[in-house]
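The structure appears below as structure tokens.
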Amino acid sequence: MPMVDSTTSTRQKAIVEAQGVSKQFGDLEVLTDIDFRLSPSEVVCVIGPSGSGKSTLLRCLAFLEPYDHGSVYIDSQLLGYEDSGGKRVRTSEKRVDEVRAPVGMVFQHFHLWPHRTALENVTEALRLVNGLSRREADEEGMAMLEQVGLADRAGHFPESLSGGQKQRVAIARALAMKPRVMFFDEPTSALDPELVGEVLEVMNKLAADGMTMVVVTHEMGFAAKVADRVIFMDQGRVVESGAPDKLFRHPQSERLQQFLNTWRERHID
Amino acid sequence: MFEILLNHYPALAEGLTTTLVVSLSAIALGLVLGVLMAFGLMSRHRLLAWPCGLYRSFWRGTPILLQLLLVYYLLPEVGIEIAPIYAAILTLTLNTAAFQSEIFRSGISHIPVGQIEAARMAGISTWQIRKRIIMPQVFRLTLPPLTNEIITILKNSSLISVIAVTELMRVSEQIASRTFQPLETYLAAALLYLAVNLVLARVSAYLERRMVGGLATE
């Protein structure tokens, strides 16, 4: 009788896992051999200079950008590719949708649908994908808007919302699909400074509620406070990663020290 | 001119009705075909994009009068016997589909990719994205050029008189030759075309004003 291997179950199963992921844009290698594991309830912040590949990494993990080499697994299922007679081929769009169903995403530029009200932005997929009736979807959608503090803006079109409100609607839209992991791609980078707080507050709350999150960000304060783990990327590689305390107080690599110094100089004046 | 309108209004009204039926049918059918072809033109699959491009080039690049005659004489050759009015609708449909596909292609390319990515990440399928996210915005964006195209087709429908469809132009010719008042008759016809197109333009302007709420700006 086979023995149950207890060592495998002690190692918590990853929700998202990347193995040796590489990506090129033409001749330019933007990601090189990235390994990444995300456990349930973990909050990981990815930091690094512009062009370091952090957004591309997130987009590859969501298969919005097909990666060239390596593997990305969502819930142990290979994302975007399948084996066909020993050759790796792209899966159908439908299969991609299936595998990444546990993933919700929030973008730098919100990308709300401008012809739909705040509520309709949230309910659209509930109706189209989950097949909810208008009433059920509206109820669910209002609960989501409530969660981001925007129930009173339900009937507004995106053009009449502030950037911070748009981003909160975008978060509600992603949450409506009951994701088990949320990807944030520089969620506050397009916001006026005074609107950053309201979005970070919503994200704080999410993290506190146990949501698994990957956040590409320039908000070091948020990373220091909320992240379980911080990943520092430069030139398409993971240079350093670890607990925020360790990374911010005792950066090992020269590149990270340099990065943090520049950041401090800019934020102390 | 007004005398012609008064004395011949049953015939003129009948002609105008035919003009409207033919043009609006062609516009509506051409819209469906034009939307499908716009996505065809933008397809990554060359086997789809290439024939769509060829189709568009042909129907944009040859005179509509010639297209009418070709369809009218070609159909019987391949064993299809249909009344001239259907041949007319078919030709105008195929013609306007080419122009509309180009209008829609340009509209679609103005929708920010991020909106589509957001929809994808929510699990919405390709066709649902087209139907619910892309096209509603594209119709708003392209309303002015689309109105132009509708007016163009309405005016070009005067050409179908050559394949013996009794629409407004042909009725006018008949009245002119009977009354020996060509100038007055054609002025009356012009007035009717103009009236219809002015109404169309007003409706379009009204819709455009009403739809400012919520359009892509990012």
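So that the names make sense, note that chain A is the first sequence line, chain B the second, and so on, each numbered from 1. Fair warning: this is a prediction, and the values are worked out from it, not measured in the lab.
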*Do B/Y186 and B/Y193 have ring centroids that are under 6.0 Å from one another?*
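No, too far apart.
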Residues, nucleotides or ligands: over 12 heavy atoms within 6.0 Å of [X] [atom1]:
X	atom1	result
A/E82	CD	yes
B/E14	CD	no
A/R88	CZ	yes
B/Y86	OH	no

*Within residues 97-107 of chain A, which positions have a heavy-atom distance to chain B below 4.5 Å?*
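Within residues 97-107 of chain A, the residues under 4.5 Å from chain B are A/D97, A/R100, A/V103, A/M105, A/F107.
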*Ignoring hydrogens and angles, tell me if any N or O in the side chain of B/K155 forms a donor-acceptor pair with the backbone of B/N197 under 3.5 Å.*
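Such a contact is absent between B/K155 side chain and B/N197 backbone.
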*Taking the side chain from B/Q115 and the backbone from B/P112, do they hold a donor-acceptor pair closer than 3.5 Å?*
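Side chain of B/Q115 to backbone of B/P112, a donor-acceptor pair under 3.5 Å: no, none is there.
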*Could you list all the ring pair (Phe, Tyr, Trp, His ring centres under 6.0 Å) pairs where at least one residue sits in residues 137-169 of chain B, not counting sequence neighbours?*
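Listed once each, the pairs are B/F104-B/F139.
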_Checking an interface table here. Which of residues 119-135 of chain B come within a heavy-atom distance under 4.5 Å of chain A?_
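Listed by number, the contacting residues are B/A119, B/R120, B/M121, B/A122, B/G123, B/I124, B/Q128, B/R132, B/I133.
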*Would you mind checking which part of A/A62 comes under 4.5 Å of any heavy atom in chain B, side chain (CB onward), backbone (N, CA, C, O), both or neither?*
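Both parts, heavy atoms under 4.5 Å.
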Kindly list each side-chain donor-acceptor pair under 3.5 angstrom involving residues 176-191 of chain A, sequence neighbours excluded, with atom names and distances?
residue, atom, partner, partner atom, Å
A/K178, NZ, A/E140, OE2, 2.8
A/R180, NH2, A/D75, OD1, 3.0
A/R180, NH2, A/D75, OD2, 2.0
A/D185, OD1, A/S55, OG, 2.6
A/E186, OE1, A/S189, OG, 2.7
A/E186, OE1, A/H218, NE2, 3.4

*Give the member of A/R173, A/Q108, A/E124 that has the highest number of heavy-atom pairs under 4.5 Å with chain B.*
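Result: the option with the highest number of such pairs is A/E124.
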*Quick one: which of A/V96, A/L126, A/T117, A/L128 has the most heavy-atom pairs under 4.5 Å with chain B, could you say?*
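Top count of heavy-atom pairs under 4.5 Å with chain B: A/L128.
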_Check: B/L48 and B/F39 side chains under 4.5 Å, non-hydrogen atoms_ =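 SC-SC contact between B/F39 and B/L48 ruled out.
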_Step-by-step side-chain hydrogen bond (donor to acceptor under 3.5 Å, both in side chains) determination, B/T91 to B/Q67_ = CA-CA 7 Å; B/T91 312; B/Q67 294 167 3; over 6 Å; no
